[in-house]
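These notes concern the structure reproduced below.
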Amino acid sequence: MDAAEYDLPVFHRGGFHRRTCRSCGSAFWSLGDHAVCQEAPCRDYGFLGHPIIPRPYAPDEVRETFLSFFEHRGHTRIRRYPTIARWRNDVFFVQASVYDFQPWVTSGAIPPPANPLTISQPCLRFNDLGEIPEKGRYFTQFEMMAHHAFNRPGHEVYFKDRCTELCHELLTSTFEVDPTAITYKEEVWEGGGNLGPSLSVGALGLELATLVFMEYVRDGDGMKPMPLTVVDTGYGLERFTWASRGTRTAYEAVFGAAFDELRRTFSPADTAVLLDHARSLNFMLTDGIVPSNSKAGYFARLVLRRSLRILAKSPEAPELVAILDRVARDQATAFPEIGEHRDDLHRVVEAEIERFGESIERARQAIRRHEERVSAAGARVTEDDLLTWYDSLGVPPDVAVEELKHPPPIPADFYTQVAARHEGEAPATDYAESTEGLPEVPDSVPPTEVLYYLDPYTVAFEAHVVFAKGPFVVLDRTYFYPTGGGQVTDRGHLNDLEVVDVERRGAWVLHRLERDAPWSAGERVHGRIDAPRRTQLMQHHTATHLLNGALREIVGPHVWQAGAYKGPESARIDITHYRPLSKQELHRVERRVNQIVREDRPVKSYFEARSEAERRFGFTLYQGGAVPGKELRVVEVEGFDVEACGGTHCTHTSEVGAIALLGTDRIQDGVVRLTFASGERALDLREEHEEILSDAARRLGVPVEKLPDGIDRLLGEIEENRRSARERLREDLGATAQRLLAENSETVGTVSVVAATVALDRAGLMELSRLLTRGADRVAILASEHEGRGTLFVGSTATRVPANALVEAARPAFGGKGGGNPAAATAVGEPGAPLTAALEAARSAARERSAV
RNA sequence: GGGCACGUAGAUCAGCGGAAGAUCGCUGCUUUCGCAAAGCAGAGGUCGGGGGUUCAAAUCCCCCCGUGUCCA
């Protein structure tokens with residue numbers, strides 16, 4: 001990055017000078033006389049005991065001071081975004097304030113909620129998990145205070161100079177930091193294909209803030225200017241608090257009294273981890289994460305289980321939920337939502353604790369069994385076993401060792417070895433929305449006016465073609481609903497041509513026809529939507545919202561929509577929940593939604609400013625992972641459920657008709673799927689089910705209500721038949737056995753040998769042999785022609801006459817393949833092989849061995 | 001989303017190419033006034049599902065499904 005990028009008027013006005021850090025080699029600007037930049041590791045922490053900010057601040061004070069500073073300088077204060085980044089598919093959590101505005105605001109696709117704005121955004125970051133608490137300053141949950149400006153061509157808000165000026169004023173006049181202590185280090189920021197200069201703000205060894213100026217797009221090896229430039233700042237709330245107190249670690253400064261309380265039971269390090277993890281968990285659980293074994297839920301499980309292991313160290317340890325509540329008290333001043341729904345949150349946590357206990361118990365048993373088995377074989381448990389157990393049973397090595405009589409040493413680099421095992425695994429792939437096969441639409445084509453938002457009932461309309469290529473047509477206006485929000489697309493006709501697909505692409509709605517469009521731009525066409533299909537889709541979509549509302553009400557507010565699909569035949573909603581739904585819960589939900597349907601509540605769909613909608617309804621609006629634009633489309637079922645949603649909806653709940661729950665599955669740890677139907681389809685399916693039932697009853701010859709009895713009777717008969725068939729076979733074989741013992745038996749020495757040719761399958765041969773060799777010193781040699789292939793079967797209870805040896809001896813006689821053990825052996829020959837010769841060979845081998 | 005482990009009797013699991021097992025539970029009998037307990041006998045398995053290799057598959061290979069766990 002060119003040095004001119006950092007040569008800001010604010011530095012010259014203030015009398016800053018530019019130096020090169022003797023330690024890291026980076027250039028920095030300062031009013032003081034420093035040989036190195038004022039950040040670790042270039043210099044030590046100089047503020048421990050000598051705070052950078054001369055008076056102590058509480059975290060809440062730091063936040064309020066920061067936000068009101070920027071509010072008084074023309075910024076709009078914005079409420080926090082959820083910590084779960086539902087609007088993005090490349091990350092799970094918000095890790096910086098700018099995540100709130102990526103990708104749509106930063107790309108210029110939609111306007112920011114305010115400009116300029118200021119926010120204090122709670123973030124979650126788990127990459128430094130291992131660094132807690134060693135370095136004394138990492139948190140899994142932290143707040144990034146920020147001021148952001150988004151500059152469009154012709155609408156410049158502010159950029160590098162003003163941004164740095166504001167930062168310096170905040171630090172020196174409001175927080176009273178010694179101006180000469182501060183250094184602004186020149187850095188390059190790059191991320192998400194964008195890059196730009198940045199300034200890292202440090203004092204007395206502590207990095208307090210970063211000022212990032214996104215102004216270029218990566219273009220091959222070079223870069224080109226972005227049409228929209230972004231001021232992206234980040235001020236660490238925890239860092240400021242620490243800087244104002246100069247305590248040994250940031251944790252003591254940030255957690256305050258809660259730290260001192262827990263410190264009585266735990267080491268400083270364990271105390272820090274417990275409090276940090278409690279803060280993370282409170283945010284994750286409040287924002288709708290259910291602990292699970294994959295995706296975002298895994299991080300909740302990870303920090304929860306780490307906390308439990310620490311708690312297990314002390315008999316005086318409080319319950320985990322008590323710690324969560326204690327931390328929530330401090331958090332709730334700024335974020336009251338953290339304090340809501342404590343009971344439900346406790347249930348989620350308790351369920352997870354129970355599962356962890358079961359899982360550990362299962363693992364302990366498996367470990368003990370494994371050791372018994374290997375020691376019986378004269379071996380010992382290995383280091384490798386420890387690795388496998390950690391990976392597959394979730395047992396940390398120290399826990400495993402407790403269970404072992406002869407434990408192997410725990411390798412010092414255990415977790416490095418774990419990581420090595422996971423190397424070369426395919427990384428998580430985030431799918432990009434596929435626009436493959438869709439044509440490029442020139443920018444000159446006017447955006448499509450979408451009418452289905454305003455009026456979901458109109459199914460016939462006139463419009464003009466504005467673009468056509470192959471089977472794709474863009475109209476100036478359309479009522480056709482494109483794929484989105486889990487609702488499948490409308491079907492219908494444009495003039496006489498069938499519309500087979502509808503997709504949104506940028507500002508346009510593309511209609512895909514059954515064949516190439518015969519029209520050119522400017523032509524007028526008549527659109528007709530398949531009305532029954534649309535009606536059914538609307539009913540399913542509104543029913544989804546009703547179910548979501550009922551589930552949150554009945555199952556608990558930890559329920560969030562984790563996905564949905566609304567097809568013409570049936571629909572489904574996936575929800576976050578920690579165990580399968582019970583029959584009772586399902587019945588209650590079904591009754592509740594149908595009650596809402598009967599109450600005929602109005603369903604209002606309207607656009608509203610994002611901030612206003614959030615203020616009125618809270619974050620539960622974002623059930624579908626909504627786009628954080630300036631305006632939201634709100635779908636409100638009066639007094640029951642409110643969601644941001646772009647779908648087509650009924651205007652009254654009664655239009656949904658009836659809702660029938662069809663089934664439930666656990667599709668993933670922490671996610672439960674409900675399948676349902678509404679409207680006509682609900683009735684159709686009920687009829688189909690009744691038809692199936694009455695058909696089954698007719699076939700069984702019982703009335704429908706006696707069906708279970710009828711089935712029991714039938715199953716009983718089947719069982720009885722099976723039993724008697726088996727008995728008959730046994731009797732037959734028994735008779736055969738007696739006959740053979742009487743007629744085909746000879747005694748050689750102490751061994752009695754039976755040899756005969758029969759016609760039985762493999763199982764029959766086995767059974768007969770068993771009967772013939774009941775008792776000691778018996779040998780049965782059976783030959784059988786079955787399904788064209790000759791089988792020789794030998795069973796033996798005579799130790800001197802191993803069955804496999806006889807088969808071995810007989811095999812050359814008929815070219816059979818086979819083998820076995822001393823008790824039983826078989827060989828099978830090709831069709832036409834001389835089976836009798838084989839039988840004789842086995843018999844004489846038996847005689848020979850018996851006679852010895 | 002990927003790696004690893006696991007899926008065998010009602011339950012907990014063993015067996016890991018050659019004739020499906022153990023323990024608990026269940027049923028019956030013996031013993032007891034009765035219960036508990038003990039002894040004896042017995043019932044209960046498409047060895048998660050589907051393909052393949054083999055003379056032979058619970059066992060080896062492939063694909064699904066389910067569960068657990070670790071990692072993104």
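Residue numbers start from 1 in every chain, and the chains themselves are labelled A, B, ... in the order their sequence lines are given, proteins ahead of strands.
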- In dot-bracket, 5' to 3', how would RNA chain B read with Watson-Crick or G-U wobble pairs under 3.5 Å, [ ] for crossing ones and | for pairs to another strand? ((((((((.[[[[.)..(..]]]].(((((.......))))).....[[[[[..)....]]]]]))))))).
- For side-chain hydrogen bond (donor to acceptor under 3.5 Å, both in side chains), just list the numbers for A:T388 and A:D385, CA-CA rounded to whole Å, side-chain angles, deciding distance to a tenth of an Å, and then say yes or no. CA-CA 5 Å; A:T388 304; A:D385 290 329; 5.3 Å; no
- Item | Separation between the P atoms of B:rA41 and B:rA14, rounded to whole Å | 27 Å
- Message: Would you measure the distance from the C1' atom in B:rG7 across to the matching atom in B:rA11 and give it in whole Å?
- Response: 15 Å
- Query: Thinking salt bridges, do A:D384 and A:R421 make one under a 4.0 Å N-O criterion?
  - Reply: yes
- Query: Taking atom P of B:rA72 as reference, at what distance in whole Å does atom CD of A:Q95 sit?
  - Reply: 12 Å
- Query: If you look at every heavy atom in A:A838 and A:L792, which pair is closest and at what distance?
  - Reply: O-CD2, 4.4 Å
- Query: How long is the line joining CD of A:Q365 and P of B:rA11, in whole Å?
  - Reply: 15 Å
- If you round to the nearest 0.5 Å, how far is CZ of A:R301 from CG of A:L281? 12.5 Å
- Item | Test applied, ring-ring contact (aromatic ring centres under 6.0 Å, His included); reference residue, A:F93; option that passes from A:Y81, A:F126, A:Y99 | A:F126
- Query: Taking the same atom, P, in B:rC65 and in B:rA22, what whole-Å distance lies between them?
  - Reply: 35 Å
- Message: Taking B:rG15 as the reference, what is the distance to B:rC47 when you measure between their C1' atoms (whole Å, please)?
- Response: 11 Å
- Query: In whole angstrom, what separates A:F126's CZ from B:rC70's P?
  - Reply: 15 Å
- Message: Please determine whether a side-chain nitrogen of the Lys or Arg among A:K405 and A:E371 lies less than 4.0 Å from a carboxylate oxygen of the Asp or Glu.
- Response: no
- Task: Could you measure between the two P atoms, the one in B:rA37 and the one in B:rG3, and give it in whole Å?
- Result: 50 Å
- Cation-pi, A:W560 ring and A:R86 (6.0 angstrom, 45 degrees): yes
- Message: Can you check the distance between B:rC71 and B:rA19, where both ends of the measurement are the C1' atom (answer in whole Å)?
- Response: 45 Å
- Message: Without decimals, in angstroms, what is the distance between A:H370 NE2 and B:rC13 P?
- Response: 16 Å
- Task: Please list, by residue number, the residues of residues 802-811 of chain A whose heavy atoms come closer than 4.0 Å to an atom of RNA chain B; answer none if no residue qualifies.
- Result: none
- Query: Should the pair A:D574-A:R673 be classified as a salt bridge under the 4.0 Å nitrogen-to-oxygen rule?
  - Reply: yes
- Please give, in whole Å, the distance from B:rA11 P to A:E358 CD? 16 Å
- Using heavy atoms and a sub-4.0 Å distance, could you list which residues of residues 408-421 of chain A are near RNA chain B? By number, please. none
- Task: Check the distance between B:rA72's C1' and A:R125's CZ and give it to me in whole angstrom.
- Result: 16 Å
- Who passes side chain to side chain donor-acceptor pair (under 3.5 Å) against A:E403, sequence neighbours left out? A:R364, A:R368
- Assign each of A:A366 and A:L302 to its nearest nucleotide of RNA chain B by heavy atoms, then name whichever residue's nucleotide is nearer the 5' end. A:A366
- Starting at CG of A:L129 and ending at P of B:rC70, how long is that distance when rounded to a whole Å? 13 Å
- Task: Output yes when A:E372 and A:R369 qualify as a salt bridge under the 4.0 Å nitrogen-oxygen rule, no when they do not.
- Result: no
- Between B:rC62 and B:rU53 - P atom distance, rounded Å: 15 Å
- Query: Are the charged groups of A:D270 and A:R309 less than 4.0 angstrom apart, N to O?
  - Reply: no
- Message: Please give the distance between the C1' atoms of B:rU46 and B:rA57 as a whole number of Å.
- Response: 14 Å
- Message: What I want to check is whether the side chains of A:R762 and A:T826 have a donor and an acceptor closer together than 3.5 Å.
- Response: yes
- Select one nucleotide: of B:rG2, B:rA5, B:rC55, the one nearest the side-chain heavy atoms of A:T388. B:rA5
With the criterion being N/O to N/O and under 3.5 Å, what pairs connect the protein with nucleotides 59-69 of chain B, and how long is each?
{"from": "B:rU67", "atom 1": "OP1", "to": "A:R666", "atom 2": "NE", "distance (Å)": "2.6"}
{"from": "B:rU67", "atom 1": "OP1", "to": "A:R666", "atom 2": "NH2", "distance (Å)": "3.4"}
{"from": "B:rG68", "atom 1": "OP1", "to": "A:R355", "atom 2": "NH2", "distance (Å)": "2.9"}
{"from": "B:rG68", "atom 1": "OP2", "to": "A:R666", "atom 2": "NH1", "distance (Å)": "3.3"}
{"from": "B:rG68", "atom 1": "OP2", "to": "A:R666", "atom 2": "NH2", "distance (Å)": "2.7"}
{"from": "B:rG68", "atom 1": "N2", "to": "A:S392", "atom 2": "O", "distance (Å)": "3.0"}
{"from": "B:rU69", "atom 1": "OP1", "to": "A:R305", "atom 2": "NH1", "distance (Å)": "3.1"}
{"from": "B:rU69", "atom 1": "OP1", "to": "A:R305", "atom 2": "NH2", "distance (Å)": "2.9"}
{"from": "B:rU69", "atom 1": "OP1", "to": "A:S359", "atom 2": "OG", "distance (Å)": "3.3"}
{"from": "B:rU69", "atom 1": "OP2", "to": "A:R301", "atom 2": "NH1", "distance (Å)": "2.9"}
{"from": "B:rU69", "atom 1": "O4'", "to": "A:S392", "atom 2": "O", "distance (Å)": "3.4"}
{"from": "B:rU69", "atom 1": "O2'", "to": "A:Y390", "atom 2": "O", "distance (Å)": "3.3"}
{"from": "B:rU69", "atom 1": "O2'", "to": "A:D391", "atom 2": "O", "distance (Å)": "2.7"}
{"from": "B:rU69", "atom 1": "O2'", "to": "A:G394", "atom 2": "N", "distance (Å)": "3.1"}
{"from": "B:rU69", "atom 1": "O2", "to": "A:D391", "atom 2": "O", "distance (Å)": "3.3"}

- Item | Contact pattern, 5' to 3', of nucleotides 15-22 of chain B - B, S or - by protein heavy atom under 4.0 Å | S--BB---
- Message: Donor-acceptor pair, distance only, cut-off 3.5 Å: does the side chain of A:T675 make one with the backbone of A:R572?
- Response: no
